[in-house]
Participant: 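Please read through the structure below; I'll follow up with questions.
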Amino acid sequence: MTTEVTPTSVAPKRNFNFLFALTLVGLLLLLCIVLSIATPSFATGNNISNLLRQGSMIAILAIGQTFVIITAGIDLSVGAVVGFSTVVVAGLLQAGVPIPIAILITLAVGLAIGCFHAFGIVKMGLPPFIITLATLTSLRGIGLLITNGSTINITNEAFTLFSRESFLGVPNLFWMVVIVAIPAFVFLHLSKWGRYLYAVGSNPEAARLSGVSVPKMIFIAYGLSSMFAAFVGVMLAARLGVGNATQGDGWELQAIASTVIGGTSLFGAIGSVHGPLIGAFILATIANGANLLNVNSFWQRIITGVLIIVIVFFDQLRRRNR
Amino acid sequence: MTTEVTPTSVAPKRNFNFLFALTLVGLLLLLCIVLSIATPSFATGNNISNLLRQGSMIAILAIGQTFVIITAGIDLSVGAVVGFSTVVVAGLLQAGVPIPIAILITLAVGLAIGCFHAFGIVKMGLPPFIITLATLTSLRGIGLLITNGSTINITNEAFTLFSRESFLGVPNLFWMVVIVAIPAFVFLHLSKWGRYLYAVGSNPEAARLSGVSVPKMIFIAYGLSSMFAAFVGVMLAARLGVGNATQGDGWELQAIASTVIGGTSLFGAIGSVHGPLIGAFILATIANGANLLNVNSFWQRIITGVLIIVIVFFDQLRRRNR
Amino acid sequence: MRSGSPDASSNADAQPILELRELEKRYGFIQALKPASLAFRRGEIHAIVGENGAGKSTLIKLLTGVIRRTGGKIVWNGAEVELATPNEAIAHGINAVHQEVVLCRHLSVAANIFLGDEAVKFGLLQKREMTRAAQKILDDMGFNLPADILLGDLTIGQQQLVATARASLRGTKFIIFDEPTAYLTRSEAAQLFALIRRLKDEGVTIVYISHRMEEVFELADRVSVLRDGTLVGTRNISDTNDAELVALMINRSLEQIYHKEAIPLGKVLLETRNLSGKGFNNVSLTVRAGEIVGLYGLIGAGRSEFALSVFGRNPKTAGDIVWQGNVVDMRNERTAIDLGIALAPESRRDQGLNLNLPIGLNINLPVYDQINSGIVVNAGEEKRRADQQIKDLGIKTPSRNSLASSMSGGNQQKIVIGKWLNHGAELFIFDEPTVGVDVGTKAEIYRLFAKLLKNGAGIILISSYLPEVYELADTLHVFRDGHLVGSQAYREKTHEDILAEAIGV
Amino acid sequence: ASAQDVTIPIIVKDTTSFYWQIVLAGARAAGKDLGVNVPELGAQAETDINGQISILENAVAGKPAAVVIAPTEKSALGAPITEAAKSVPIIGIDSSADSTAFTSFLTTDNVQGGRIAAQGLVAAVKAATGKEEGEVALITSVPNAGSLEERKQGFIEELAKYPGIKLVADKYADGQAATGLNITTDLLTANPNLVGIFASNLIMAQGAGQALAENGVADKVSLIGFDSDEKLVGFLKDGTIDGLVVQDPYRMGYDGIKTALAASKGEKVEAFVDTGANLITTANMEEARSQELLNPKVN
Ligand SMILES: Nc1ncnc2c1ncn2[C@@H]1O[C@H](COP(=O)(O)OP(=O)(O)OP(=O)(O)O)[C@@H](O)[C@H]1O
Ligand SMILES: Nc1ncnc2c1ncn2[C@@H]1O[C@H](COP(=O)(O)OP(=O)(O)OP(=O)(O)O)[C@@H](O)[C@H]1O
Ligand SMILES: [Mg+2]
Ligand SMILES: [Mg+2]
C-alpha cells in the first residue's frame with residue numbers, strides 16, 4: 001500500500017468559501033450596476049455615502065449574530081438591546097457623563113446582557129431562543145420604564161455630529177463597520193477562538209473532549225453579540241440624536257436574515273464575517289434602490305421578498321455546483 | 001446471552017412526556033390559582049371566556065408551527081399569513097361569496113402558501129428561515145396592495161357574530177382550538193405521518209433510507225402550518241370584523257415561543273400537540289392577569305420576560321431530573 | 001471473579017501505570033459498570049472484550065474524563081486522580097479513539113487533529129503549518145488521507161483514522177482504542193496494528209477493545225472480559241484461547257460463528273448491467289434467491305455507493321438495473337422498497353438511525369405503511385414488532401421506548417438490522433451489518449441470514465471484514481477504485497489472493 | 001360606594017408612544033384630582049387591533065364604573081364597544097368607532113390635522129422659496145394605522161387645492177426612526193427639487209428632521225411634523241422643522257376621565273367635544289398656549 005497522499009477529487013472547502021463570498025459580492029455588484037443604469041442618482045457619491053450609512057448598523061449586528069449562530073444558537077434580543085442602549089447612552093450623556101465614559105458604560109451594559117444570556121443557556125439550561133426572547137421582551141419594558149415611553153433628547157452636539165461626518169470621504173458610521181469587522185475577522189477566521197466557535201457549533205461533545213471550554217465559548221459568542229448591539233445602539237443614538245427604547249424593533253430579524261443570506265447555517269458551524277456584511281449591504285441596497293426608484297412602499301415589500309429568494313437561490317445553486 | 005427483555009425501572013419516555021406536559025399544566029394551574037387569589041375578577045366565568053378567546057389564535061398557530069419545528073424547520077410567515085387571510089376572507093365576503101366557500105378558498109390560499117414554502121425548501125434548496133421570511137415580507141406587501149393600505153369592512157353579521165358567541169358556555173373561538181387540536185393530535189401522535197415527521201426531523205437521511213418521502217413530509221408540515229394560519233386569519237377576521245393586511249404582526253414569534261415553552265426543540269424531532277397549546281395559554285394568562293392586576297404595561301413586559309424564563313427553567317429542571 | 005495470580009510476566013513488580021479500584025458507573029437505574037478493579041501495566045497492550053452493552057465503552061469514557069464515575073477510585077502512577085474532565089486526562093497523557101467518531105465534521109482534517117492544541121503565533125493560527133504537520137503525521141502513520149479536506153467529506157472509516165492520528169498525538173502515555181477496526185479493511189487494520197506496536201515500543205500503554213478475537217490474539221499481551229457490567233476475568237494472552245474468552249463473555253460456549261447452510265440457488269433476483277454512478281463504474285453482477293453475494297474492497301472502493309444506487313438513493317449514470325427480469329427505473333428508495341429491496345446502510349449514525357427517537361419507532365419506521373388500523377397506527381402491532389426484534393437480536397435495552405442514542409454501539413447496529421428484518425424483503429443489502437456487534441450476536445445474525453435465504457431471499461453482503469464475507473458469501477466480488485476486479489465462487493481463493501486483488505498489487 | 005372604589009380604566013392605542021403617554025398623564029391627573037382609580041391600559045402597537053379588543057374585554061370583566069377608550073380601528077372596535085356598552089358607559093377619545101353606544105366623545109379630527117399640516121407646509125414652502133409650488137413628499141410611520149391614514153387623507157385632500165404643489169412620494173416606513181431617516185435621505189437623493197416633507201407622526205418627524213440635518217438641507221426643504229416632544233421642539237427652535245401639528249392629548253386624557261366619572265354617576269354629559277389640532281411654527285412657538293401644548297406636564 002502506498003503511503004503517499006493521492007489527491008482526491010473533493011474540492012477543499014477553504015477555496016470554496018472564498019468563491020462563495022465572491023458570488024455574493026457578484027450579486028451585490030450586479031444589483032448596483034442595475035440600479036446605476038435604472039436611476040442616475042444611485043451612483044452618486046452622496047448616495048453611496050447614504051447607502052453605507054444605512055447598511056452599517058445591521059451589518060454590525062449581523063456580525064455579532066454570526067458568532068452566536070455559528071455556535072448553533074440564536075440571539076433574538078439584539079434589536080431590543082439596540083433600543084435599550086440608545087436610552088442608556090442618551091441618559092448618561094444628558095446626565096453630563098463624558099462621551100467616552102458613556103460609551104464604555106453602554107458597551108459594558110451590552111456585555112452584561114450577553115453574559116446573562118450565556119448564563120441562562122449554560123447554567124440554567126434554557127434554549128437560546130427562549131432566553132433571548134425573554135430579554136427582548138423585558139428590555140423593552142425596562143427601557144420604556146426609564147424613559148416613561150418618551151424619547152431622551154441628546155443635546156451633546158459633538159456626539160450627534162459624529163454620525164454625520166466623514167473621514168477620507170467615507171462616512172464615520174461605515175468606519176465603525178470597518179473597526180468592528182477587522183477584529184471580528186481576525187477573531188473568527190484567524191484566531192483559535194474562532195476555530196473553537198466552529199467546533200462548539202459543529203459538535204460540542206467533540207469540542208469538550210478536545211479540552212475546549214464550551215461554556216466559555218458560549219459566553220464569548222453571546223457577550224460579543226450583545227456588545228455589538230450596544231455599540232450599534234450608540235451609533236443609532238448618535239444618528240438619531242435621541243434615546244428611545246422602541247427603536248431597533250425587528251432589527252433582530254434583519255440581522256439574522258443578513259447572516260443567513262451571507263451563507264451562515266442556522267444549524268451552526270458554517271458562517272463567516274464577510275458573508276453577513278455583504279448580506280446586510282444587499283438588503284440595504286435593495287431598500288435604497290426601491291426608494292430611489294420611488295417604488296410604491298407596498299411593492300417595495302413584495303420585491304424585497306422576491307429578491308431575497310432569488311439571491312439566496314442563486315447562492316445555493318452556486319454552492320451545490322461548487 | 002439472554003434474549004429476553006429485562007424490565008428496568010427507568011421510566012419509559014412516553015410516560016415521561018406525559019409527566020412533562022403535566023408540569024406545564026401544573027405551572028398553568030399555579031398561575032391561575034395565584035391570579036384567582038390576587039384578583040377577584042380572574043376566576044369569573046366572563047373572564048375565563050375572555051382568556052379562552054384570547055389564547056385560542058396563538059394556540060392554533062403554535063400547533064401548526066410545531067409540525068414545522070419538528071421537521072427541524074421554522075415558519076416565520078404565520079403572522080403575515082394571518083393578516084393576508086383576513087384580507088382574503090373579507091374581500092370574498094364583501095364580494096358576496098357565501099361564508100363556507102369564502103372560508104374554504106381562504107384555507108386553500110393558506111395551503112398554497114405553505115406548499116410554496118415547501119417547494120422553496122425542497123426544490124430550490126432554500127433555508128426555511130429565508131423562504132418564510134421572504135413570504136412574510138412579500139405577503140404583507142400583497143395584502144396592503146390589495147386593500148390599498150386600508151381596511152376591508154366585513155358587513156356579514158353572521159360571520160362576525162360567530163366569534164362572539166359561545167356554545168355550551170365555551171366561546172366558539174375556543175371550540176375552534178378543539179376542532180383543530182384533536183385531528184392534529186391524532187395526526188402527530190397516533191398516525192404514521194406523525195412518526196414520519198419526527199423521523200424527518202431527527203435524521204432525514206435515515207428517514208429517506210427507510211422509505212419515508214422527506215419532501216412529502218416537508219410539504220405536509222408547511223402546508224398545515226400555513227393552512228392553520230389561514231384558519232386563524234378567518235377567526236381573526238370574524239373577531240375584528242375587518243380584513244387588514246398588517247394584522248398578526250409578530251404573532252410568529254409568539255407562536256414559536258408558545259411552541260418552545262411547550263417543550264418543542266428548535267433542532268427538531270421533539271414536540272407534541274398539547275405542549276404548545278398549554279404554552280400559548282400560559283402566555284395568554286400572563287397577559288390577562290397583568291391586565292386584570294392593572295400592571296403598568298411596561299412592567300407587564302418585564303414580568304412577561306421574567307415569567308417565560310422562570311417557567312421554562314422549571315421545566316428544564318423537571319426534565320433533567322425526570 | 002478476579003484474575004488470580006499477580007502474574008508471570010517479567011515486570012510484575014513494576015508499579016501499574018493505571019489502576020481501577022471498585023470503579024463504577026450508573027446511568028439512573030442502569031448500572032453500566034459494576035465495581036471493577038483492574039491494573040494496567042506500563043507498556044502492555046491490554047485487550048478488553050465483552051458482549052454489546054457489557055460496559056466496555058463506559059469504562060473507556062470513565063478513564064478519559066468524558067463521563068464521571070459514580071463510585072470507586074482511579075490511581076494513575078501511584079497517585080489517586082479525579083479524571084473529571086477530558087482536559088485532565090489529556091494532561092496526564094491519556095487519550096482514546098472512541099467507538100463513535102467524536103470530531104467536528106465542519107472542520108478540516110488538520111483542524112480536527114490539532115483541535116484544542118493549535119499552533120499559534122502572535123495570536124494568529126498557523127494554519128499552513130498545522131496542515132503540513134497534520135499531513136506529515138498522517139503520512140507517517142501510513143494513512144492515505146489529505147489533511148486539508150473537510151472531515152465531513154470522509155467516510156466513517158477514514159474519520160476513524162483521523163481520530164486515531166489525533167489520539168496518538170495526545171495519548172503520550174496511555175491510549176485506548178474502542179473498536180478501531182470496525183470500519184477498516186484488512187490493509188488499513190494492518191497499518192493500525194503497526195502503529196499500535198510502534199506506540200507500544202515507545203512505552204505507551206494501550207487498551208484495545210474489539211469484537212474480533214483474532215485481533216485480540218494478534219495484538220494483546222493480556223485480555224480482560226466484561227459481562228453485563230461486571231469484570232469477569234483477566235488472562236495472559238498466552239494462557240487462554242478463543243473458546244475460553246467467548247465462554248467468559250457470553251457465559252456459554254459457541255460452537256460455530258459462521259453459520260452456513262447449503263441452500264439451493266433460485267431465480268435471479270437482481271442483475272446489474274454495466275452499472276455506473278458516483279464512485280463506481282461498470283459493475284455487472286447478479287444476485288439469486290438463496291444466495292449471499294459478498295462485496296469486498298478497501299475503504300472508498302465504491303461498494304457503498306454501488307449499494308446506494310441499487311437502492312435508488314443515488315442516481316446511476318449509466319447501465320441498467322434489472323429486477324427479476326425487468327429493467328427498472330430505480331427512481332428513489334420507495335421504488336426499491338416497493339420492489340422488495342431492503343438496505344441496511346453502513347453508517348448507523350448518519351444513515352441508519354434516528355438517534356433521538358425511541359428504539360421502537362426506529363425499528364418500525366419502514367413498516368408503518370403496513371401496520372395501520374384505519375388512520376391511526378396499530379399500537380399493539382407496533383409494540384409487538386418492536387419487541388420481536390429486540391428479542392430476536394438480543395438488543396439490550398430497558399424498553400422499546402428508550403432512545404436509540406442511549407444504546408451501546410453494537411446495540412445500535414442491531415436496531416439498524418432489526419429494522420429491515422422487521423420489514424422483510426426479497427433482496428437484502430447489508431452494508432457492514434456486524435460492525436461493532438459481539439460474537440454471540442454475530443452468530444445470531446448469520447443464522448438469521450440463513451433463515452432469510454431459506455425463505456427465498458437474496459443477500460448482498462458488503463463487509464470490510466474479510467473472514468465474514470469469505471466464510472459466508474456464495475459469490476465474492478472484489479471492488480477496487482470503483483471497479484469490479486475479481487469475482488469468485490465460494491472459497492475458490494485464499495484470503496491473501498483476495499486481499500491482493502483489493503489492493504491491486 | 002366611596003369615590004376611591006370607583007375604577008375607570010383608560011385604554012389607549014399604543015402605550016409605547018409618547019403621545020399616548022401624555023394622554024395617560026392627563027388621565028392620571030384627573031384620577032388624582034377626582035379620587036378615581038385609573039388603570040392605564042393599551043396595546044403595544046397602534047396596529048394591534050386584536051390586542052386592544054382583548055384589553056377591552058379584560059377591562060370590562062373587572063366591572064369598572066366606566067371605560068375610556070381610544071379605538072385603534074373604526075370598524076373593528078365597533079362591535080366590541082357596543083358589546084361592552086351593554087354593561088358600562090363608554091367614553092371615546094381621540095378617534096371614533098362604528099358604534100352608537102358611546103356616551104360621550106372627545107376627539108381631535110385627524111383629517112383636519114392633516115389639512116392643517118398641508119396648509120402649514122405650503123406656507124413654509126412659500127416662506128422659503130417665495131412661491132406656492134414645488135415637489136413635496138409624505139412619510140407615514142406604518143400602514144393601516146387609523147389616525148395616520150386620516151392624517152394622510154386630510155393632507156392629500158388639502159394639497160389638491162394648491163395646483164403648484166406636487167406630491168411626488170408617498171412612503172410608508174416600519175415605525176422606526178432610522179427607517180424614516182433613510183427614506184428621507186433617499187427622497188432627497190432621488191428628488192433634488194424636493195421643497196417639503198410632511199412626516200405624520202412623532203417618530204417619523206424625528207427621523208426626517210435628523211435626515212435634513214444630516215444632509216444639511218434644512219433651509220432648502222421645509223418639514224412639518226405631527227405631535228411634539230423635546231427633540232422636535234429643539235428642531236422647531238433651530239428651524240429644521242418648520243411647523244408641528246399638535247393636539248391636546250393631555251386634555252383628552254383628563255377630560256375623558258372627568259366625563260366618564262360624570263357619566264357613571266348618571267349625570268348628563270356632552271355627546272361630542274373637539275379638542276382641536278393646532279399648527280405651531282417657529283414664529284408662534286413662544287406663545288403661552290403653544291408652550292402649554294408643547295410642554296405638557298407628564299408626571
Ligand atoms: N447515556 C446513557 N444513558 C443510559 N444508559 C446508557 C448510556 N450510555 C450507555 N448506557 C448503557 O450502559 C450499558 C453499557 O454500555 P457501553 O456503551 O459501555 O457498552 P459496550 O460494552 O461498549 O457495548 P458495545 O460493544 O455495543 O459498544 C448499556 O446497557 C447501555 O445501554
Ligand atoms: N460525500 C462524498 N463526497 C465526495 N466523494 C465521496 C463522498 N463519499 C464517498 N466519496 C467517494 O466515493 C468513493 C466510494 O465510496 P464508498 O463509500 O462507496 O466506498 P466503500 O467501498 O463502501 O468503502 P467504505 O468501506 O469506506 O464504505 C470513494 O472514492 C469516496 O472517497
Ligand atoms: Mg461500546
Ligand atoms: Mg462502505
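Computed over heavy atoms, backbone and side chain alike; hydrogens, waters and symmetry mates excluded. Just so it is clear: chains get the letters A, B, ... in the order the sequence lines come, proteins before strands, and each one is counted from 1.
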Participant: Is chain B contacted by the side chain of A:L139, its backbone, both, or neither, given a heavy-atom distance below 4.5 Å?
Facilitator: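 For A:L139, neither part sits under 4.5 Å from chain B.
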Participant: For A:L133, is it the side chain, the backbone, both, or neither that has a heavy atom closer than 4.5 Å to a heavy atom of chain B?
Facilitator: side chain
Participant: Any side-chain heavy-atom pair from B:L61 and B:M57 closer than 4.5 angstrom?
Facilitator: no
Participant: Using non-hydrogen atoms and a limit below 4.5 Å, what part of residues 303-311 of chain A faces chain B?
Facilitator: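 Expected list: A:T304, A:G305, A:V306, A:I308, A:I309.
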Participant: Less than 4.5 Å apart, side chain to side chain, heavy atoms only: is that true for A:R140 and A:D249?
Facilitator: yes
Participant: Would you say A:Q54 and A:N288 make side-chain contact, with heavy atoms under 4.5 Å?
Facilitator: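 Yes, their side chains come closer than 4.5 Å.
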Participant: Please find the pair of heavy atoms, one from B:S77 and one from B:S226, that lie closest to each other, and give the distance.
Facilitator: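 Looks like OG-OG, 4.5 Å.
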Participant: Just how far is it from atom OG1 of A:T132 to atom CG of A:L126, taken to the nearest 0.5 Å?
Facilitator: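 Result: 10.5 Å between the selected atoms.
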Participant: Among B:L144, B:V312, B:L136, which has the most heavy-atom pairs under 4.5 Å with chain A?
Facilitator: B:L144
Participant: Given side chain to side chain contact (heavy atoms under 4.5 Å, CB included), test B:I302 with B:W299 step by step and report yes or no.
Facilitator: CA-CA 5 Å; B:I302 301 174; B:W299 273 109; 4.0 Å; yes
Participant: I'd like to verify something: which residue of B:L266, B:T135, B:I130 has the highest number of heavy-atom pairs under 4.5 Å with chain A?
Facilitator: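 Option with the top pair count is B:I130.
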Participant: Take A:F67 and A:Y222 through the test side chain to side chain contact (heavy atoms under 4.5 Å, CB included) and record every step on the way to the result.
Facilitator: CA-CA 8 Å; A:F67 297 149; A:Y222 285 84; over 6 Å; no
Participant: Looking only at heavy atoms, what is the nearest atom pair of A:A280 and A:G55, with distance?
Facilitator: CB-O, 4.3 Å
Participant: B:V87 versus B:I152: any side-chain heavy-atom pair under 4.5 Å?
Facilitator: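 B:V87 vs B:I152: side chains touch.
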Participant: Give the member of B:I74, B:I142, B:L145, B:L76 that has the highest number of heavy-atom pairs under 4.5 Å with chain A.
Facilitator: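 Looking at each of B:I74, B:I142, B:L145, B:L76 in turn, B:L145 comes out on top.
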Participant: Could you tell me which portion of A:A245 (side chain, backbone, both or neither) has an atom closer than 4.5 angstrom to a non-hydrogen atom of chain B?
Facilitator: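 Answer is neither: A:A245 stays 4.5 Å or more from chain B.
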Participant: Between B:N148, B:I131, B:I256, B:L253, who has the most heavy-atom pairs with chain A when the cutoff is under 4.5 Å?
Facilitator: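 Top option by heavy-atom pairs under 4.5 Å: B:I256.
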